[in-house]
Amino acid sequence: IIRRLTRDELDTVVGWAEAEGWNPAASDADAFWAQDPHGFWGAELDGRLVGSASAVAYGDSYGFWGLFIVVPELRGRRIGSLLARTTIAGLQARLAPGAAIELDGVPDQQDYYRSLGFTYGHRDVRMRGTAAVEAPEHDVVPLTSLSFEQVVAYDAAVFGTARPDF
């Protein structure tokens with residue numbers, strides 16, 4: 001059964017992502033859920049949640065697909081394929097024709113993502129640490145010094161679409 005996840009189940013899936021070595025932030029689930037609570041899907045087998053995918057819409061102009069996980073003992077049984085194709089098609093139906101759908105995929109799965117219709121856009125590298133130097137004061141301001149509308153406008157300019165709920 002492919003069905004929408006509950007908010008509590010999303011926390012379970014974030015735990016799966018951590019077990020895979022991904023690095024979701026503690027607040028990621030809340031931010032994405034606020035953006036699109038209808039964008040989280042699960043695969044259920046015999047009453048057990050065994051897979052997940054997110055298909056988050058940002059208005060009708062942009063979508064993001066990810067959090068694609070099948071529990072390790074059931075991989076290779078076409079559960080992921082059904083889940084992927086169902087959730088991507090559902091996201092496409094919620095977006096305007098020709099709207100972009102992106103994903104942040106693991107390198108090992110790039111051939112599979114191509115089979116779903118995705119093309120490689122760019123590589124991103126995630127790093128974390130403590131900066132050895134401070135940024136110039138004119139480039140950094142306290143977030144509290146800006147109005148919510150200013151933050152939303154800046155984010156939209158960088159991200160490509162407004163996402164005030166995010």
Side-chain angles (χ1 to χ4, degrees), residues 1-7 9-129 155-166:
I1 298 171
I2 305 298
R3 61 169 177 78
R4 286 202 170 103
L5 293 177
T6 67
R7 178 61 186 82
E9 288 173 323
L10 179 56
D11 288 336
T12 297
V13 170
V14 168
W16 293 354
E18 290 171 353
E20 292 289 327
W22 303 350
N23 59 348
S27 60
D28 281 357
D30 288 336
F32 284 101
W33 189 268
Q35 176 61 41
D36 183 5
H38 304 292
F40 298 91
W41 294 87
E44 183 180 308
L45 179 65
D46 297 327
R48 175 182 167 215
L49 184 63
V50 297
S52 70
S54 64
V56 174
Y58 295 84
D60 68 354
S61 63
Y62 175 79
F64 193 87
W65 186 78
L67 207 56
F68 179 56
I69 306 171
V70 173
V71 294
E73 67 271 19
L74 295 176
R75 291 177 184 165
R77 295 182 56 190
R78 312 281 307 152
I79 294 169
S81 180
L82 177 62
L83 182 62
R85 293 181 193 290
T86 301
T87 55
I88 292 168
L91 182 56
Q92 288 171 321
R94 295 171 61 207
L95 299 173
I101 297 176
E102 294 187 44
L103 71 100
D104 182 10
V106 295
D108 292 0
Q109 293 295 317
Q110 286 181 8
D111 289 338
Y112 180 70
Y113 302 141
R114 269 192 284 285
S115 78
L116 296 172
F118 289 96
T119 58
Y120 182 84
H122 64 274
R123 181 170 189 244
D124 76 18
V125 177
R126 296 180 184 184
M127 298 180 187
R128 76 174 162 204
D155 182 59
V158 173
F159 187 74
T161 190
R163 50 185 186 165
D165 294 326
F166 189 83

Taking distance alone, no hydrogens or angles, what donor-acceptor pairs closer than 3.5 Å link side-chain atoms of residues 47-54 to residues at least two apart or in another chain?
from : atom 1 : to  : atom 2 : distance (Å)
R48  : NH1    : E73 : OE2    : 3.3
R48  : NH2    : E73 : OE2    : 2.4
S52  : OG     : L67 : O      : 2.7
S54  : OG     : G66 : N      : 3.2
S54  : OG     : G66 : O      : 3.1

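Checked against side chain to side chain contact (heavy atoms under 4.5 Å, CB included), P164 has the following partners two or more places apart in sequence or in another chain: F148, V152, A162. Residues forming a side-chain hydrogen bond (donor to acceptor under 3.5 Å, both in side chains) with D28 (at least two apart in sequence, or on another chain): none. Listed by chain and number, the residues in a side-chain hydrogen bond (donor to acceptor under 3.5 Å, both in side chains) with D46 amount to none (sequence neighbours excluded). Partners of W16 by ring-ring contact (aromatic ring centres under 6.0 Å, His included), not counting sequence neighbours: none found. For F166, the ring-ring contact (aromatic ring centres under 6.0 Å, His included) criterion is met by F32, not counting sequence neighbours. Under the side-chain hydrogen bond (donor to acceptor under 3.5 Å, both in side chains) criterion, R75 pairs with E20, not counting sequence neighbours. Taking R85 as the reference, S81, S115, L116 meet the side chain to side chain contact (heavy atoms under 4.5 Å, CB included) condition, with sequence neighbours excluded. With sequence neighbours excluded, no residue satisfies side-chain hydrogen bond (donor to acceptor under 3.5 Å, both in side chains) with E18. In this structure, the ring-ring contact (aromatic ring centres under 6.0 Å, His included) partners of Y62, at least two apart in sequence or on a different chain, are Y58, F159. Every side chain to side chain contact (heavy atoms under 4.5 Å, CB included) that L95 has, sequence neighbours left out, goes to A57, L91, A99, I101.
For T87 (side chain) and A84 (main-chain N/O), a donor-acceptor pair under 3.5 Å exists by modelled atom type. At distances below 3.5 Å, not a single donor-acceptor pair connects side-chain atoms of Q109 with backbone N or O atoms of V106.
Between L74 atom CG and I79 atom CD1 the span is 4.5 Å, to the nearest 0.5 Å. In this structure, T12 OG1 and R7 CZ are separated by 10.0 Å, a value rounded to the nearest 0.5 Å. Considering OG1 of T6 and CG of D11, their distance stands at 8.5 Å, rounded to 0.5 Å. In this structure, the separation between OH on Y120 and CG on D111 is 13.0 Å, given to the nearest 0.5 Å. Atom OG1 of T119 sits about 9.5 Å away from atom CD of E102, to the nearest 0.5 Å.
The two residues Y113 and G105 make their nearest non-hydrogen contact at CE1-CA, 3.4 Å. Of all non-hydrogen atoms in W65 and A55, the two that sit nearest each other are CD1-CB, 4.1 Å. Contact between R163 and D155 at its shortest, heavy atoms only, is NE-OD2, 2.7 Å.
Atom CZ of R4 has more than 12 heavy atoms from other residues, nucleotides or ligands within 6.0 Å.
Residue pairs satisfying the side-chain hydrogen bond (donor to acceptor under 3.5 Å, both in side chains) criterion with at least one member in residues 89-100, sequence neighbours excluded, are listed as follows: D36-R94.
With contacts defined as side-chain heavy-atom distances shorter than 4.5 Å, the pair F40/V13 does not qualify. Residues V14 and W22 fail the side-chain proximity criterion, which asks for heavy atoms closer than 4.5 Å. The shortest side-chain heavy-atom distance between E9 and E44 does not fall under the 4.5 Å cut-off. Side-chain atoms of F68 and L103, non-hydrogen and from C-beta on, never get closer than 4.5 Å to each other.
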